[in-house]
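Below: one structure, written as structure tokens.
Below, chains carry the letters A, B, ... as their sequence lines are ordered, and counting in each starts from 1. For clarity, every value in this text was computed on a predicted model and none was experimentally measured.
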Number of protein chains: 2
Amino acid sequence: MSTAHTNAPRRVPVTRELVLRTAVDLADAAGIDALTMRRLAEELDLGVMSLYYHLPNKEAILDGIVDVIFGEIDEALTDLPPAPGSWKTELRSRILGARAVMLRHPWAPAIIESRPSVGLAMARYVDALIGIMHSGGLDYDLIHHAMHALGSRAYGFVQELGESQGGGDGLEQMAAEIPNLVEMLTQVRHDDPESTLGWCDDQVEFEFGLDLILDGLERLRR
Amino acid sequence: MSTAHTNAPRRVPVTRELVLRTAVDLADAAGIDALTMRRLAEELDLGVMSLYYHLPNKEAILDGIVDVIFGEIDEALTDLPPAPGSWKTELRSRILGARAVMLRHPWAPAIIESRPSVGLAMARYVDALIGIMHSGGLDYDLIHHAMHALGSRAYGFVQELGESQGGGDGLEQMAAEIPNLVEMLTQVRHDDPESTLGWCDDQVEFEFGLDLILDGLERLRR
DNA sequence: ACCTGAACACCGTTCAAGT
DNA sequence: ACCTGAACACCGTTCAAGT
């Protein structure tokens, strides 16, 4: 996973940026729980306390990670073809672009939601969304509502609750107590038997919710 | 905060339910970070290891806490007047009822989102929402989409990102880099100067997003 | 059936240094 | 300027018991 533990001389100097990049790679490879100061230092072939020279504490590392993620989003979006279209399609493609990055870093949504403040990279991303909506003829009051209505969907994710565990192991035992839920699940499963992602295709659901909101906003704009 | 530390004989026996109730009270009073096994045991005037007789581990305590919260929601909703109305208003009032409980336990959303599985109380709550929608004429496929579109909003909350910090301390420094965001914030603040909750009234925004989704679903039903 | 202390394997971080 | 080990104050949990 890394070249740590060798005692060959380091090619690149350790910097704040390298620490953050390594932290993201570590979370990708071993899960967010593996991202401890000790493990991160090990990955960099450094003593634990050396990390504190580059960043003040673990909170700063988590803040920095969010910057890295939104940096990746920005990169992915500048590669995107211009695609003139309406404000709605433009917003939609930006958000789906952000989502593609989130899918590469499944732990990122939880970290983003845990941060108390907004970093520059994230603010820039939001700023671009607002700019698109304003150019599209939405006034700032409606844009403000829109950002709240979108919530984390603006960043390309929704925290999927419960159903994401793939059908619900324990649900069968409670079947008698939750007839409507059981009926819905069996029916939806039946309607879409060859769905590769199981009965619950998250990408489809994400776009459904996103379009529901965008269409509603478009209607309010008029 | 409690009657711990006295050595008067305990009135009520320690049970799983008392442990969970105490855990909720502790999180309410001292924040979710204060909910450690040691602190919880102290609150109950118990040795730490005694907790493990009533519940297998901390995960089970967090699962149990979610059950307690949805128990409170159920209680609050049965007190609610019947309010016949459309499926939309009925769903709306249930969700706003759930939200009122969430507001009493600000730490609850994060815990709910962190749980990998659905407990019975939560499943019952979802089941009731589905029942209402089905009675209102939505088919199960649309209901399934609806639950995903609502996301955590179905439980009465959205994880508010960034702006919730109350105007953004650090935003002023980045003003030049985020002109659209700054313009939106100043304009919205100007339009609503006497807002007691600051420029960003979460209850209003929550209902805006909820209604946007419910109205869109109603349109799809027809 | 109900409770317990000692000990273990972890955390993030302070301190007082080293080169 | 860059890095470090020892130590501290925490975690959740295992174990082997006590009554």
Side-chain angles (χ1 to χ4, degrees), chain A residues 2-24 26-27 29-66 107 110-111 114-117, chain B residues 2-24 26-27 29-66 107 110-111 114-117:
Chain A
S2 83
T3 58
H5 307 292
T6 71
N7 34 19
R10 189 189 304 284
R11 291 138 225 255
V12 286
V14 175
T15 60
R16 197 190 101 103
E17 281 64 41
L18 179 63
V19 172
L20 295 177
R21 191 64 250 172
T22 306
V24 168
L26 176 55
I32 192 67
D33 286 345
L35 180 56
T36 67
M37 300 304 271
R38 285 166 169 84
R39 179 72 186 275
L40 179 56
E42 197 181 309
E43 218 66 33
L44 285 158
D45 221 347
L46 229 52
V48 199
M49 291 321 298
S50 306
L51 295 174
Y52 289 82
Y53 178 76
H54 299 283
L55 289 135
N57 51 37
K58 187 169 185 185
E59 291 291 286
I61 291 182
L62 296 179
D63 283 340
I65 276 179
V66 174
W107 46 266
I111 300 300
S114 78
R115 297 296 81 208
S117 63
Chain B
S2 83
T3 58
H5 308 292
T6 71
N7 34 18
R10 188 190 306 284
R11 291 138 227 255
V12 287
V14 175
T15 60
R16 197 191 100 103
E17 281 63 42
L18 180 63
V19 173
L20 294 177
R21 191 64 250 171
T22 306
V24 169
L26 176 55
I32 193 65
D33 286 346
L35 180 56
T36 67
M37 300 303 272
R38 284 166 170 83
R39 178 71 187 274
L40 179 55
E42 196 182 308
E43 218 66 32
L44 285 159
D45 222 346
L46 228 52
V48 198
M49 293 320 299
S50 306
L51 294 174
Y52 288 82
Y53 177 77
H54 299 283
L55 289 135
N57 49 39
K58 188 169 183 184
E59 292 290 287
I61 291 182
L62 296 179
D63 284 341
I65 276 180
V66 173
W107 46 267
I111 300 301
S114 77
R115 296 297 82 206
S117 63

Short side-chain N/O contact to [N] OP1/OP2 from [X], under 4.0 Å:
X       : N     : result
A:Ser50 : D:dC2 : no
B:Tyr53 : C:dC3 : no
A:His54 : D:dA1 : no

Rounded to whole Å, the CZ-C1' distance (A:Arg16 to D:dC2) equals 17 Å
What is the distance, to the nearest angstrom, from the CG atom on A:Leu55 to the C1' atom on D:dC3?
15 Å
At what distance, to the nearest 0.5 angstrom, does CD of A:Glu43 lie from CG of A:Leu35?
10.0 Å
What I'd like to find out is whether the side chain of A:His54 reaches to under 4.5 Å of the side chain of A:Leu18, using heavy atoms alone.
no
Stems in DNA chain C: runs of 3 or more consecutive Watson-Crick or G-U pairs, distances under 3.5 Å?
C:4-8 with D:12-16, C:12-16 with D:4-8
Do nucleotides 8-19 of chain C as a string where each nucleotide becomes B, S or -: B if the base has a protein heavy atom under 4.0 Å, S if just the sugar-phosphate does, - if no protein is that close.
---BBBBB----
What pair of heavy atoms forms the shortest contact from A:Ile65 to A:Leu20, and how long is it?
N-CD2, 4.1 Å
How far, in whole Å, is C:dA17 from D:dC2 if one measures between their P atoms?
23 Å
Applying salt bridge (charged side-chain N to carboxylate O under 4.0 Å, His left out) as the test, list every pair that has at least one member in residues 51-62 of chain B; sequence neighbours left out.
B:Glu59-B:Arg115
